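Written below as structure tokens is the structure these notes are about.
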Amino acid sequence: MEPIRFLHTADLHLDSPFKGMAAAGPDELARLQQSTFAAFDRFIAYAVKERPDFIVIVGDIYDGEDRSLRAQIRFQQGMQQLQKVNIPVYLSYGNHDNLSGRWTRVSLPENVHVFSEQVEQKQLAIRDDIIYLHGFSYPQRHVKEPMIRDYPEATDGIHIGLLHGSVAGDVEHAVYAPFTVSELQDKHYQYWALGHIHKRQLLSEEPPIVYPGNIQGRHRNESGQKGFYDVLLTSTQTSMKFVGTSDIMYTSLTVSCEGIEYADDWVSACQEAIDQLTAEAGSVVVELVMEQTEGLTNDLARVEGQWLDILREQYEAIEPFVWISAIEWPPIHDSVVPNSLLEPVERTMSSWETNDWHDLVKEVYSHKAGRYLEALKPVDFERLKQQATALLKNELLKES
């Protein structure tokens, strides 16, 4: 067997609306919304330069089942670039861009091979080897049944599975097309190309069972460098190289306030830390975490609500792009909020079940903009409870 080289990507989410960025102005929001396309362009440029044998794209190419026309045209243009250098592409659609959606049709070039709603096998001859690719596209948004049962066991040749889904029992994500690692291993494929989870993960080494993550972070929970895998299969081993594509990286940054006496000193300290970050990471959406704030004078602390606007103004209309999403201040230790004020609220929130949380937010989700919101999961309820408690405590301290 001669070495086989392919690229594995998933969850492009082209033309994502970037939820949770309501505070951003129109120019900043437009720059953020362009980032998924910029990351995709980096992926295409890499493929054209490196000329892999083929590419697999495992679901959620588009952010919504209506597949914006802008996203489709950009994707088509990318596929045409790959066709010009004879790179075949095998893709499946996921829960976000399922086949039941309504969208204006845009044709794809002949080098693009799309899996149908039933698990099917496609063949590709590379030099003296036959590659068998197995996969399916989501017929509708919710595929709850374990589709892995329909994947055949490997016979002769090289077998690669494409599966947009999640590990059965995963409590952090909405479970679609559930599977277990052992079920995938039992198929005896050489590689499992996964999609759906936006965090880069290697679930197994023998064989490789791989989530590449998405190619561009879209909110604070998708922090760090995003990208895809460049995979080399040989008769004895598989090697994978991660290639970053993030146009804008989500991250947090700790800033020391030690020795700061004047407001301009604080602004300068933040700018110095941000500039050092962008020199290494490029464009960022950053949450600033203040530490060693004990020495700040009371008049500085009193205007902390203005710091965010002041800092954002320093980075307007410049490159690298910088958006400061929030400033986190340490809790005030020398003031105490009476438990009689906090305990009833904490007790009430702790008593809420899943249905109670959904009842609380149903008005938001029933709004026409609700389709742009991710469904809340149990881990989100705990985070919201902690944030609500911290917010209430902080407001009570300010009042006191």
Side-chain angles (χ1 to χ4, degrees), residues 7-21 32-40 42-43 55-65 67 71 75 91-98 135 137-138 141-143 162-179 181 192-204 208-231 240 242-252 281 283-287 325 371-380 383:
L7 306 184
H8 169 202
T9 189
D11 300 288
L12 311 183
H13 286 274
L14 297 177
D15 211 13
S16 170
F18 280 80
K19 313 171 185 72
M21 299 300 295
L32 286 165
Q33 291 174 334
Q34 183 63 28
S35 64
T36 55
F37 295 121
F40 176 65
R42 292 180 181 184
F43 170 73
I55 291 171
V56 295
I57 307 177
V58 194
D60 288 358
I61 295 164
Y62 306 106
D63 192 70
E65 56 191 17
R67 302 188 190 183
F75 185 72
L91 69 84
S92 61
Y93 293 115
N95 53 299
H96 274 263
D97 53 2
N98 61 81
S137 291
Y138 277 50
R141 184 173 179 86
H142 300 289
V143 174
L162 284 71
L163 178 55
H164 190 88
S166 45
V167 175
D170 184 353
V171 296
E172 290 190 25
H173 305 91
V175 176
Y176 294 103
F179 61 86
V181 170
W192 277 99
L194 305 181
H196 181 54
I197 305 302
H198 293 181
K199 181 180 179 181
R200 189 163 74 248
Q201 298 177 65
L202 179 64
L203 301 187
S204 164
I209 301 175
V210 185
Y211 282 113
N214 50 347
I215 62 171
Q216 168 61 51
R218 301 171 305 143
H219 48 72
R220 61 182 296 184
N221 293 333
E222 296 178 355
S223 61
Q225 182 64 262
K226 299 292 185 177
F228 63 92
Y229 277 112
D230 184 337
V231 184
M240 302 183 303
F242 176 75
V243 182
T245 54
S246 292
D247 178 49
I248 299 173
M249 190 172 74
Y250 282 74
T251 188
S252 63
S283 296
V284 293
V285 173
V286 59
E287 178 181 15
S325 58
R371 66 193 184 100
Y372 295 115
L373 301 175
E374 294 282 2
L376 290 176
K377 300 179 286 293
V379 66
D380 296 317
R383 176 176 53 83

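We're numbering straight along the sequence, starting at 1. Remember, it's a predicted structure, so these values are computed and weren't measured experimentally.
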- request: Answer yes or no: is there a donor N or O on one side and an acceptor on the other, between the side chain of Thr36 and the main chain of Asp15, under 3.5 Å?
  value: yes
field: Cation-pi geometry met for Arg67 and Phe75 (6.0 Å, 45°)
entry: no
field: Non-hydrogen side-chain atoms of Phe179 and Val167 separated by less than 4.5 Å
entry: yes
Ser246 side chain vs Gln225 backbone, donor-acceptor pair below 3.5 Å: no
task: Check whether any side-chain N or O of His8 sits under 3.5 Å from a backbone N or O of Leu194 as a donor-acceptor pair, and report yes or no.
output: yes
- prompt: Counting distance only, does the side-chain N/O of Tyr176 pair as donor-acceptor with the main-chain N or O of Tyr138 below 3.5 Å?
  reply: no
statement: Rounded to the nearest 0.5 angstrom, the CG-CD1 distance for Leu91 and Ile61 is 4.0 Å
message: Suppose we screen for salt bridge (Lys or Arg N to Asp or Glu O under 4.0 Å). Which residues come up paired with Asp247, at least two apart in sequence or across chains?
response: Arg31, Arg42
message: As an exercise, state the distance from NE2 of His219 to NE2 of His198, rounded to the nearest 0.5 Å.
response: 7.5 Å
task: Could you check Asn214, Asp230, Ile215, Val56 and say which one makes a side chain to side chain contact (heavy atoms under 4.5 Å, CB included) with Thr9?
output: Ile215
task: Please determine which of Thr245, Leu14, Ile248, Leu32 meets the side chain to side chain contact (heavy atoms under 4.5 Å, CB included) test together with Gln216.
output: Ile248
query: With no hydrogens and no angle check, do the side chains of Asp60 and His196 hold a donor and an acceptor under 3.5 Å apart?
result: no
query: Got a second to check how far Phe228's CZ is from Arg200's CZ, nearest 0.5 Å?
result: 12.0 Å
From CG (Leu202) to CH2 (Trp192), nearest 0.5 Å: 15.0 Å
- request: Measure the spacing between CZ of Phe37 and CG of Leu12 and express it to the nearest 0.5 Å.
  value: 10.5 Å
message: Given 3.5 Å as the limit, does a donor-acceptor pair link the side chain of His164 with the main chain of Val58, or not?
response: yes
- prompt: By side chain to side chain donor-acceptor pair (under 3.5 Å), which residues pair with Thr251, not counting sequence neighbours?
  reply: none
Side chain to side chain, Val285 and Arg220, heavy atoms closer than 4.5 Å: no
Pairwise distance CD(Glu222) to OH(Tyr250) - rounded to 0.5 angstrom: 8.5 Å
statement: Closest heavy-atom pair, Ser137 versus Ser92, reported as atoms and distance to 0.1 Å, is OG-CA, 3.5 Å
task: Quick one: list whatever passes side chain to side chain donor-acceptor pair (under 3.5 Å) with Gln33, sequence neighbours left out.
output: none
- prompt: Looking at Asp63 and Pro17, what are the two nearest heavy atoms and their distance?
  reply: OD2-CD, 3.1 Å
